[in-house]
Amino acid sequence: MLSTVWKAHTERREASRARGPGSGEQGLVLRMARQQAPPWVHVALILFLLSLGGAIEIPMDLELTASIQNELTQPPTITKQSVKDHIVDPRDNILIECEAKGNPAPSFHWTRNSRFFNIAKDPRVSMRRRSGTLVIDFRSGGRPEEYEGEYQCFARNKFGTALSNRIRLQVSKSPLWPKENLDPVVVQEGAPLTLQCNPPPGLPSPVIFWMSSSMEPITQDKRVSQGHNGDLYFSNVMLQDMQTDYSCNARFHFTHTIQQKNPFTLKVLTNNPYNDSSLRNHPDIYSARGVAERTPSFMYPQGTASSQMVLRGMDLLLECIASGVPTPDIAWYKKGGDLPSDKAKFENFNKALRITNVSEEDSGEYFCLASNKMGSIRHTISAAPYWLDEPRNLILAPGEDGRLVCRANGNPKPTVQWMVNGEPLQSAPPNPNREVAGDTIIFRDTQISSRAVYQCNTSNEHGYLLANAFVSVLDVPPRMLSPRNQLIRVILYNRTRLDCPFFGSPIPTLRWFKNGQGSNLDGGNYHVYENGSLEIKMIRKEDQGIYTCVATNILGKAENQVRLEVKDPTRIYRMPEDQVAKRGTTVQLECRVKHDPSLKLTVSWLKDDEPLYIGNRMKKEDDSLTIFGVAERDQGSYTCMASTELDQDLAKAQLTVLGRPDRPRDLELTDLAERSVRLTWIPGDDNNSPITDYVVQFEEDQFQPGVWHDHSKFPGSVNSAVLHLSPYVNYQFRVIAVNEVGSSHPSLPSERYRTSGAHIFKNTYNLALCQISLCNQDNGRVYAITPARGAPESNPSDVKGEGTRKNNMEITWTPMNATSAFGPNLRYIVKWRRRETRETWNNVTVWGSRYVVGQTPVYVPYEIRVQAENDFGKGPEPDTVIGYSGEDYPRAAPTEVKIRVLNSTAISLQWNRVYSDTAYYWRESSLLKNLWVSQKRQQASFPGDRPRGVVARLFPYSNYKLEMVVVNGRGDGPRSETKEFTTPEGVPSAPRRFRVRQPNLETINLEWDHPEHPNGILIGYTLRYVPFNGTKLGKQMVENFSPNQTKFSVQRADPVSRYRFSLSARTQVGSGEAATEESPAPPNEATPTAAPPTLPLTTMGTTGLVSSTDATALAATSEATTLPIIPTVVPTTVATTIATTTTTTAAAAATTTTTTESPPTTTTGTKIHETAPDEQSIWNVTVLPNSKWANITWKHNFRPGTDFVVEYIDSNHTKKTVPVKAQAQPVQLTDLFPGMTYTLRVYSRDNEGISSTVITFMTSTAYTNNQADIATQGWFIGLMCAIALLVLILLIVCFIKRSRGGKYPVREKKDVPLGPEDPKEEDGSFDYSDEDNKPLQGSQTSLDGTIKQQESDDSLVDYGEGGEGQFNEDGSFIGQYTVKKDKEETEGNESSEATSPVNAIYSLA
């Protein structure tokens, strides 16, 4: 800060020097404020800004060293003082403030009424420590009025004296209002009136308000209002003004009292004595009451011009109150300009103008204009004076020049008086270096003796203003003001500035160096400012280093260093994209960030520029934001904000949520006709997705009341349509809006409309013809109205004849609805007869939708007809339908069933020909021991007349049983004899839960579980792995393991490459399906520009172990089977080449992906990615199957809104398709069967030729595999833990028994009791040693060879309950141990602490 102050003074001293734009004081400050600076820079900057508007002072609050503070001397400066008119409460102590700073600290004294005030002589007066504030205490008595007067504070040190304002101390007073008798005020109606308040003088002045004697406030408006002086002004008096009296009230601040003046009573003289209240709202009440109109005149202020003084920073209040009839309006203007809109406020019904915080630009002439319809009048007010320039503290170096300026303006012109150290300048000692020129003091070639405090006193008849300014001359060597060796981190390519605040007198010169080099940094990419700051215009990597600033003057030099580190910028390289999502779907907004790794990155999200609350439906990850179940409230603008402590980057995306449309409303029926009606509705909001269709539904109350049927469909662009209706129907309509997302809720129903059964044929008839029909005349023409023949125009559909029992046939049909009845009393004529017998038709009339024919032969064909009929006639001739009577159970079973095993998963069946055979088979057991299998029965159907078939999708290495049965619509017939067969060994499924972990940069740990389907006896595992770095592949390594090994560690050859692993299990048949994984990517790894090529792994082939004979049998039965053969899979190595299509079939719950390897692709686990082609296509089809469903996803480059179709075919060659709306991924297939193989492709609905490659996947089977390593089973681990715990308890008990005798030895049994001379008797211990005191074997000894003394002082007597102790044969304690205090001795080897569990633990120590 000192450097800034010093530089500012230098710029003022060299003002005549040519400068560039913005190089003045304010420009310098603004440039410094633009950079991020440490706290000391902010402190210095604030003090410098204060110096530009007030006194310049040496910053004593900076954390400088004690030596610098002692060197920087300063004359006194007043920092705090009481106001000039200081009014105090007589009930409190008096406090007159005066505080100052300086170096050395100043001393204080006071004058009272221009005479020295001796504080020591008055016991009630004291001065605060380190301050000049006076405290006058009245707790011990005294009158505050005795201390009224004019006080002035003097702050002095050896360099000068500073003065406070002359503070006028007054004690608050609230005098009583003098009693006076007020005569009624007589006034003519329409004349102006002023009621003067004239409150008693008080300190401070009281607050005035007007009320009636009954304490009701006086209503004020632009006609009646209170002036700023407290008087009540009537612009014109009306008759209703004498309905109340008027009393002035004065509220005094300190005493909190209100005094009331005697009330005024008005007597209004009028030409219309009747106070008719109806005239108050008359548009011209004055003329109505006979009041003469007058031009405006001012009641306050008087005359046409006045002046007002206000100080800068205070409020300017201008007031104009005018009279006139009608009441004049007041408007304010400023001469030569506009009123300051940001500071001007109108008060008291526009009669007062207040300008807050006045400044120089608020000076000038203001005038108020009072006008009514009779004329106008103007009053001009001049505002003055205020300060123009106050003297500022002056800090100079020896030999420098400077000046103090004190200018003020006012009316009349203020006089300026200079003082030095509180004395008039004329009486001060002469100083040849000082020259006074009116309001300016000029200093030339200043020396140390020029230090002093100068006072400028400007005054006129309105008052005075006093200001202090000191002149300080410093002689100081250079000093650095910022902390040493700062670290500054900046972002690459940014502009930055290195500050080096310094201080010295004379002003030091500053130079910058980098990395200790000798050349001064200035020019090119560097720019040094006059205040010493070094600006680097564009930071580069090579700008990183250590920068040294050196300040030098004639007294010495000082230097400081700044270490500059250049950091990479934070950039969002993959920004979130604008998305349009349907309600309920999942949306992911990507935000991938690249930043300097040495900086901490924080990624946050904003929604509509407000912080986003991450609720349960949202998931925030490092590089994305996922919103599940998108709702309408999620729509808006999302901003990803990636920030470090140095910079930040923003990316914004718009999320538009497509919702189902709102329901249509306000349905209206118009154009009512016999067979048509017009329906009109108002569309609802489309919720961002245009309405494509409107579906009109109807409901009738005769056949199906409450059931709604689709009537017609209209485009989304219409809201009115003509509906063609059927006769004899009581219609009610509703409308449903449809858009791409879905359908709206139905609208509210319309009113009902009943159609009749008549048509109007507008053919002209003669009047004679009216005898045979109903006629109507229209404009002289005669029309005949002929009733329509309302016979049904159609017959019921879906007519069937089926037997529910073996001797009946039930005829059913879909009944016709009300729109097909075409008349009342709809019924059905049912006819039937046996086929090919040409017998007569049987018929019956039915009102329902079914009829049962009884006593029929078993399974005989019948011809059936159902015809509709109503009261107007019969419908058209119906079609003939063939039905069958009931079936009976089959009576024969298939014979001569023969089984031949084709391979590990399929068998061939042959039997004697019977109609509709079905094979039931189940897996009885596995050839592997302890492998649980599901014995659920499965079936294979062989419809038609065939003698052979194939059962596929069996499990290898298993025992099966099989039965055959004939099936018809009635049920199953008798079963054939049970056949047993065994499937051979096959290849295993992939190892389960293949996991790759990397605990450090040197080791990769692999773990896996046994295959879910061993399909034979496992003989081991094969691991293939290859390192890769980008597109570069290393040498493939192969490891073989035993069948029990499930872990392996790989030592990395280098810390850069990653590894791709492929693990497969083996049986005697060969290797099974492989599980693939990759080692984890290192953190912050950049996304590769090209994916590494696929590892040439062992891929499952399709060649089974089938002999030539079996192959011939398979070919012969290929047409008879409904399930394809799943041959045994053997390993086949397929090389990775361009344009080679690879199909990978995953096990249960695996991911299956078909991809074309052109160009090379990247495999992550079992998910294969394809490179997006240039033309329109579909790729990266991914399947996540379960037992009964599968999730399908894919990628495409079609335009948004394109619809797709998912086509899949099961093993029975049943093809199904699922239409998919745009943006509807993933698609879930829910009608799958467990353990079945499917083929699938995705194609465009608009162009079926654009399709993905066909992929194959299999759903998981319905049984579970319980085979697992016994060491990993929970029951086995629990059993082992229990056994270990029991063994540990037994060891503890044995150890206690063995250690008891040695640790607590007892005396051998003697005939005499213990004598009192025995030292062991007192503490209850016993000695179990021989007479030579040799330690017993097993007893514990101390380190010095002596027997360890027992630490327990407890006696077993304390724990005894009497009775003899019980012992085993070996002397071990088995009961309560009691020590009698008589002459009996205990027997055996007892432990004195055996009953304490804590001591038992100690015995183990």
Side-chain angles (χ1 to χ4, degrees), residues 182 185 187-199 205-251 258 260-261 263-268 280-281 285-286 289 291 293-304 306 308 315-333 339 344-356 366-381:
L182 300 176
V185 179
V187 62
Q188 182 69 34
E189 186 176 12
L193 175 66
T194 301
L195 299 181
Q196 296 183 352
C197 182
N198 295 328
S205 300
V207 178
I208 304 300
F209 54 95
W210 287 81
M211 302 183 73
S212 65
S213 57
S214 60
M215 304 305 293
E216 293 291 336
I218 300 300
T219 303
Q220 299 187 27
D221 52 23
K222 73 174 186 176
R223 185 179 66 87
V224 181
S225 62
Q226 177 184 319
H228 185 64
N229 58 1
D231 295 343
L232 188 64
Y233 294 91
F234 294 77
S235 295
N236 50 76
V237 177
M238 300 300 293
L239 184 61
Q240 65 263 24
D241 294 335
M242 71 177 186
Q243 294 179 356
T244 183
D245 53 8
Y246 301 86
S247 176
C248 181
N249 297 264
R251 180 169 60 85
I258 298 177
Q260 189 176 44
K261 186 176 182 177
F264 291 95
T265 302
L266 296 186
K267 183 178 181 181
V268 180
R280 295 184 180 180
N281 297 326
I285 186 175
Y286 296 102
R289 293 196 53 81
V291 178
E293 296 178 341
R294 294 183 294 103
T295 57
S297 63
F298 282 109
M299 304 173 68
Y300 180 87
Q302 300 294 330
T304 59
S306 62
Q308 183 129 357
D315 289 355
L316 172 64
L317 182 63
L318 308 178
E319 190 174 28
C320 280
I321 301 176
S323 64
V325 178
T327 304
D329 294 321
I330 305 296
W332 291 90
Y333 304 93
L339 295 177
K345 296 190 300 181
F346 299 104
E347 300 175 356
N348 196 16
F349 310 101
N350 268 24
K351 298 178 184 180
L353 172 64
R354 182 183 298 274
I355 300 178
T356 60
Y366 295 82
F367 62 90
C368 59
L369 183 66
S371 60
N372 61 12
K373 64 180 181 178
M374 300 301 295
S376 62
I377 188 172
R378 188 170 74 171
H379 183 90
T380 304
I381 306 173

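For R294, the salt bridge (charged side-chain N to carboxylate O under 4.0 Å, His left out) criterion is met by no residue, not counting sequence neighbours. With sequence neighbours left out, the salt bridge (charged side-chain N to carboxylate O under 4.0 Å, His left out) criterion links D241 to R223. For the side chain to side chain donor-acceptor pair (under 3.5 Å) test, no residue two or more places apart in sequence or in another chain qualifies with D315. By the side chain to side chain donor-acceptor pair (under 3.5 Å) test, S306 pairs with H379, sequence neighbours left out.
Of the possible donor and acceptor atoms, one in the side chain of K351 sits under 3.5 Å from a partner among the backbone N and O of K222. Of the possible polar contacts, none joining the K261 side chain to the P199 backbone as a donor-acceptor pair under 3.5 Å is found. Between the N372 side chain and the P326 main chain, a donor and an acceptor come within less than 3.5 Å of each other. Within the 3.5 Å criterion, the main-chain N or O of V291 finds no donor-acceptor partner in the side chain of E189.
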List the steps and the verdict of side chain to side chain contact (heavy atoms under 4.5 Å, CB included) for C248 and I208. CA-CA 7 Å; C248 181; I208 304 300; 3.5 Å; yes
Decide side chain to side chain contact (heavy atoms under 4.5 Å, CB included) for R354 and F346; before the verdict, give the C-alpha distance in whole Å, the side-chain angles of both, and the deciding distance to 0.1 Å. CA-CA 6 Å; R354 182 183 298 274; F346 299 104; over 6 Å; no
Go through I381 and F367 one step at a time and tell me if the side chain to side chain contact (heavy atoms under 4.5 Å, CB included) criterion holds. CA-CA 6 Å; I381 306 173; F367 62 90; over 6 Å; no
Starting from the C-alpha separation in whole Å, work towards a yes-or-no answer on side chain to side chain contact (heavy atoms under 4.5 Å, CB included) for L339 and W332. CA-CA 8 Å; L339 295 177; W332 291 90; 4.1 Å; yes
Side-chain polar contacts of residues 296-303 - donor-acceptor pairs under 3.5 angstrom, sequence neighbours left out - could you list them?
unit_1	atom_1	unit_2	atom_2	d
S297	OG	S323	OG	2.8
Q302	NE2	M299	O	2.8

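Taking the side chain as every heavy atom from C-beta outward, V185 and L193 approach each other to under 4.5 Å. T380 is not listed as a side-chain neighbour of Y366, based on a closest heavy-atom distance of 4.5 Å or more.
Between W210 and L195, the shortest heavy-atom contact is CZ2-O, 3.4 Å. Closest of all the heavy-atom pairs between Q226 and Q220 is N-OE1, 3.0 Å. Of all heavy-atom pairs spanning S212 and I218, the tightest one is N-CD1, 4.0 Å. Residues C197 and D231 come closest through the heavy atom pair N-OD1, 2.9 Å. Across R251 and F209, no two heavy atoms sit closer than the pair CB-CE2, 4.2 Å. The two atoms that bring G190 and N236 nearest to each other are O-CB, 3.4 Å, heavy atoms only.
Distance check, rounded to the nearest 0.5 Å: CG of L317 to OG1 of T356 gives 12.0 Å. Rounding to the nearest 0.5 Å places CD1 of I321 at 6.0 Å from CG of N348. Here I377 contributes atom CD1 and T295 contributes atom OG1; the two are 7.5 Å apart, rounded to the nearest 0.5 Å. Rounding to the nearest 0.5 Å places CD1 of I330 at 7.5 Å from OG of S371. The distance from the CG atom of L353 to the CG atom of L316 is 7.0 Å, given to the nearest 0.5 Å. Note: S235 OG to D221 CG = 8.5 Å, rounded to the nearest 0.5 Å.
Screening residues 215-238 for ring-ring contact (aromatic ring centres under 6.0 Å, His included) gives F234-Y246 as the qualifying pairs, with residues at least two apart or on separate chains.
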